[in-house]
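To start, the structure under review is shown below, and the notes come after it.
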Amino acid sequence: MYSAITKTPDRVLTWVLRILAIILMTAIVPAVMPSAWMEEIPIRLGMGELPRGPMIGYLTHSLSAMYTLHGAVVFVVSLDVRRYLPVVKCLAVLAILFGMGMIVLDVVVGMPMFWVLCEGPFIVVINGGLFWLAGRVGIRLNEVA
């Protein structure tokens, strides 16, 4: 029988996806902020100056817009986790691979150690958790059926 206990993995997955979506969608701020502000951020983080030029402005702003778009997709998926369970699993696996790639990239380009230890590992852990939760929802779906 389908009960409130059966819904727990669904609810947790829904809320984790929504929180992640909101975090991702905050990238709308740097997507639209003036380039001068964007140039100030790495200086304040002790990472040096951001090179100037149209390509850097394009890359920084478009990447922020892409994170915002990804957040919107994650939010839409969170509206019906059972329906989009295969999408949740796919996004989680892709994000785990992305996170591992970011660890390598961060090391290769010489990002500060705090960045290397936070960015990629955070992405891997969060999405590993999402994949696990999606699996729990899948188990519950089989039990209910």
Side-chain angles (χ1 to χ4, degrees), residues 4 6-142 144-145:
T6 307
K7 290 177 118 180
T8 300
D10 300 47
R11 287 184 180 156
V12 174
L13 181 59
T14 296
W15 284 105
V16 171
L17 285 169
R18 287 182 184 170
I19 291 166
L20 183 58
I22 290 166
I23 291 168
L24 287 164
M25 288 189 292
T26 62
I28 192 66
V29 174
V32 297
M33 75 172 44
S35 293
W37 296 5
M38 187 77 80
E39 293 166 4
E40 186 67 25
I41 293 169
I43 294 169
R44 291 189 182 222
L45 290 174
M47 300 163 87
E49 288 188 25
L50 191 65
R52 292 179 183 238
M55 184 53 75
I56 298 301
Y58 166 79
L59 290 172
T60 55
H61 289 89
S62 65
L63 179 61
S64 296
M66 187 62 72
Y67 273 106
T68 303
L69 182 142
H70 179 63
V73 169
V74 170
F75 188 82
V76 169
V77 166
S78 80
L79 297 175
D80 191 345
V81 294
R82 286 176 171 248
R83 178 179 180 186
Y84 296 117
L85 199 56
V87 176
V88 173
K89 290 179 178 180
C90 179
L91 288 174
V93 169
L94 291 173
I96 290 167
L97 295 172
F98 175 75
M100 293 187 309
M102 293 310 295
I103 294 168
V104 172
L105 179 63
D106 290 347
V107 169
V108 169
V109 301
M111 294 300 283
M113 191 51 65
F114 78 88
W115 194 278
V116 175
L117 295 175
C118 291
E119 183 184 36
F122 175 78
I123 295 168
V124 170
V125 169
I126 290 296
N127 287 283
L130 283 175
F131 188 80
W132 179 82
L133 276 171
R136 300 296 304 152
V137 171
I139 290 168
R140 298 294 185 183
L141 281 173
N142 293 333
V144 172

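Two residues are said to be in side-chain contact when any heavy atoms from C-beta on lie closer than 4.5 Å; Leu50 and Ile41 fail this criterion. Side-chain contact between Asp80 and Arg82 is present, with heavy atoms from C-beta onward closer than 4.5 Å. Counting heavy atoms from C-beta on, the side chains of Leu130 and Leu20 come closer than 4.5 Å. Proximity of Thr14 to Arg11: side-chain heavy atoms (C-beta onward) are nowhere separated by under 4.5 Å.
Across all their heavy atoms, Pro30 and Ala27 have their closest contact at CD-O, 3.2 Å. Of all non-hydrogen atoms in Pro121 and Ile103, the two that sit nearest each other are CD-CG1, 3.7 Å. Heavy atoms only, all atoms of each residue included: Val124 and Ile96 are closest at CG2-O, 3.7 Å. The minimum heavy-atom distance between Ala134 and Val88, with the atom names listed, is CB-CG1, 4.0 Å. Shown here for His61 and Ala31, the closest heavy-atom pair between the two residues is CD2-O, 3.1 Å.
The CZ atom of Phe131 lies 11.0 Å from the CG atom of Asn127; values are rounded to the nearest 0.5 Å. The distance from atom CG of Leu105 to atom CE of Met100, rounded to the nearest 0.5 Å, is 14.0 Å. Considering CD1 of Ile28 and CG of Leu69, their distance stands at 10.0 Å, rounded to 0.5 Å. Taking OG from Ser64 and CE from Met33, the interatomic distance works out to 7.5 Å, rounded to the nearest 0.5 Å. In this structure, CZ in Arg136 is found 5.5 Å from CH2 in Trp132, a value given to the nearest 0.5 Å. Summarising the geometry, atom CG belonging to Leu133 is positioned 8.5 Å from atom CG belonging to Leu17; distances are rounded to the nearest 0.5 Å.
Taking the side chain to side chain contact (heavy atoms under 4.5 Å, CB included) definition, one finds that Ile19 meets it with Ile23, sequence neighbours left out.
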Side-chain donor-acceptor pairs under 3.5 Å in residues 70-79, sequence neighbours left out?
| residue | atom | partner | partner atom | Å |
| --- | --- | --- | --- | --- |
| Ser78 | OG | Arg18 | NE | 3.2 |
| Ser78 | OG | Phe75 | O | 2.6 |

For residues 111-119, which side-chain N or O atoms pair as donor and acceptor with protein atoms under 3.5 Å away, sequence neighbours left out?
| residue | atom | partner | partner atom | Å |
| --- | --- | --- | --- | --- |
| Trp115 | NE1 | Glu119 | OE1 | 3.0 |

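Crowding of Met66 atom CE: a count of heavy atoms from other residues, nucleotides or ligands under 6.0 Å not exceeding 12.
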